[in-house]
2 protein chains.
Amino acid sequence: MVTKQFKGSPDEADLTRADSLAREIFSDVANKWALLIIEALGEGTLRFGQLRDEIAGISHKMLTQNLRMLERNGLVERNVHPTVPPRVEYTLTEPGQALRETVHGMCDWTHRYLSHIDASRRRFDA
Amino acid sequence: MVTKQFKGSPDEADLTRADSLAREIFSDVANKWALLIIEALGEGTLRFGQLRDEIAGISHKMLTQNLRMLERNGLVERNVHPTVPPRVEYTLTEPGQALRETVHGMCDWTHRYLSHIDASRRRFDA
DNA sequence: CTGCATCCACAACGATACTG
DNA sequence: CAGTATCGTTGTGGATGCAG
């Protein structure tokens, strides 16, 4: 369970620590930009600028910020080529690839239920 | 693709509208609280208060807000029992259940790579 | 018990400018 | 080209109070 951070019984310090860590990781990963980056990197290695072009609407700042976070969590690998101008490439690690499977599932889901959801929205807004 | 909103060619109004809708839905769904609610509802029907208890750290406001959004998108069904005090139950619809599969995948992923990620973080923070 | 509205603190975000 | 820093704005989210 990622939903609960604290168990019923009082003295399971290890379990609660693991749970709060799980929640922390989940919160890192379960956000729009992080998931879109992971989805974009699914096809293979991309440079910073390519990622910016690939992900519509992301700002320079959000991209770097989320890339750092993903790198910190070991989901993407950052490769700097010491040329001029600099060339920085990002690739999914194995954990990143594994997460990408489920993210891809979410994208599929979005398209499968697109019209269904669209209809539901119109109904609700009335 | 959920990443791109605008195609290369200029005059594909329908496609770009579908894409921006896809992105909109993805943005709705790809957030911490929404996913945690869906995961929590995976087991079955829950009342408002039960959800609040089940999902550690969620505030009254965030819960209602996200429940409305999920209801609007047709992912959860809201059942009001006209008793006093009121009793409101939330259940996943079929689209909601489908999404829940992939969300569950993310939770599994979190636990599978927990220690791996924890180690990566320590390495990075040094 | 559930839901809506209000207020307010603070974090997120975009824009911009500057460095290697 | 990529990254960092700063600033100002917007928005998110928590706390509280009130209503059904």
Exercise for the section: Kindly say whether Leu75(A) contributes a backbone atom to a donor-acceptor pair with the side chain of Thr93(A) at under 3.5 angstrom? Expected result: yes
Handout entry: For Thr45(B), side chain to side chain contact (heavy atoms under 4.5 Å, CB included) partners two or more places apart
Key = Glu89(B), Thr91(B)
Donor-acceptor pairs under 3.5 angstrom involving side-chain atoms of residues 119-126 of chain A: please list them, not counting sequence neighbours.
unit_1: Ser120(A); atom_1: OG; unit_2: Arg72(B); atom_2: O; d: 3.0
unit_1: Ser120(A); atom_1: OG; unit_2: Gly74(B); atom_2: N; d: 3.2
unit_1: Arg121(A); atom_1: NE; unit_2: Asn73(B); atom_2: OD1; d: 2.6
unit_1: Arg121(A); atom_1: NH1; unit_2: Glu24(B); atom_2: OE2; d: 2.5
unit_1: Arg121(A); atom_1: NH2; unit_2: Asp28(B); atom_2: OD2; d: 3.1
unit_1: Arg121(A); atom_1: NH2; unit_2: Asn73(B); atom_2: OD1; d: 3.4
unit_1: Arg122(A); atom_1: NH2; unit_2: Asp118(A); atom_2: OD2; d: 2.9
unit_1: Asp125(A); atom_1: OD1; unit_2: Arg72(B); atom_2: NH1; d: 3.0
unit_1: Asp125(A); atom_1: OD2; unit_2: Arg72(B); atom_2: NH1; d: 2.5

Exercise for the section: Name all residues meeting the side chain to side chain contact (heavy atoms under 4.5 Å, CB included) criterion together with Val80(A); count only those two or more places apart in sequence or in a different chain, and write none if there are none. Expected result: Arg78(A), Val88(A)
Exercise for the section: Give me the first and last nucleotide of DNA chain D, going 5' to 3', that has any atom under 4.0 Å from a heavy atom of chain B. Expected result: dG13(D) to dG20(D)
Problem - Bend angle of the helix from dC1(C)-dG20(D) to dG20(C)-dC1(D), from helix axes over five pairs at each end, nearest 10° - result: 40°
Practice task
Taking Thr64(A) for its side chain and His60(A) for its backbone only, find out whether a donor-acceptor pair lies under 3.5 Å.
Solution key: yes
Exercise for the section: Nearest whole angstrom, please: distance from the C1' of dC13(C) to the CD1 of Ile58(A). Expected result: 11 Å
Exercise for the section: Using atom types as modelled and distance alone, determine if a side-chain donor or acceptor of Trp109(B) lies under 3.5 Å from a backbone N or O of Pro95(A). Expected result: yes
Exercise for the section: Just jot down the salt bridge (Lys or Arg N to Asp or Glu O under 4.0 Å) partners of Arg112(A), sequence neighbours excluded, or say none. Expected result: none
Completion exercise
Those residues at least two apart in sequence (or on a different chain) that pass side chain to side chain donor-acceptor pair (under 3.5 Å) with Glu94(A) are Tyr113(B)
Fill in the blank from the handout: Contacts of Leu63(A) meeting side chain to side chain contact (heavy atoms under 4.5 Å, CB included) (sequence neighbours excluded), chain-then-number -> Ile37(A), Phe48(A), Leu51(A), Arg52(A), Ile58(A), Leu67(A)
Practice task
Return the residues of residues 35-49 of chain B meeting this criterion: a heavy atom under 4.0 Å from some atom of DNA chain C. Order them by number, or give none.
Solution key: Arg47(B), Phe48(B), Gly49(B)
Completion exercise
Arg87(B) atom CZ is separated from dT2(C) atom P, nearest whole Å, by 8 Å
Fill in the blank from the handout: Heavy-atom closest pair (Leu41(B) atom, Tyr90(B) atom, distance to 0.1 Å) is CD2-O, 3.4 Å
Problem - All pairs passing salt bridge (Lys or Arg N to Asp or Glu O under 4.0 Å) where residues 101-111 of chain B contributes a residue, at least two apart - result: none
Handout entry: Heavy-atom pair of closest approach, residues Leu36(A) and Thr3(B)
Key = O-CG2, 3.6 Å
Practice task
Can you sort out which residues in residues 60-86 of chain A have a heavy atom within less than 4.0 Å of DNA chain C? Ascending by number, please.
Solution key: Lys61(A), Met62(A), Pro86(A)
Problem - Pairs involving residues 30-51 of chain B, ordered by first then second residue, that meet salt bridge (Lys or Arg N to Asp or Glu O under 4.0 Å) (sequence neighbours left out) - result: Glu39(B)-Arg100(B), Glu43(B)-Arg100(B)
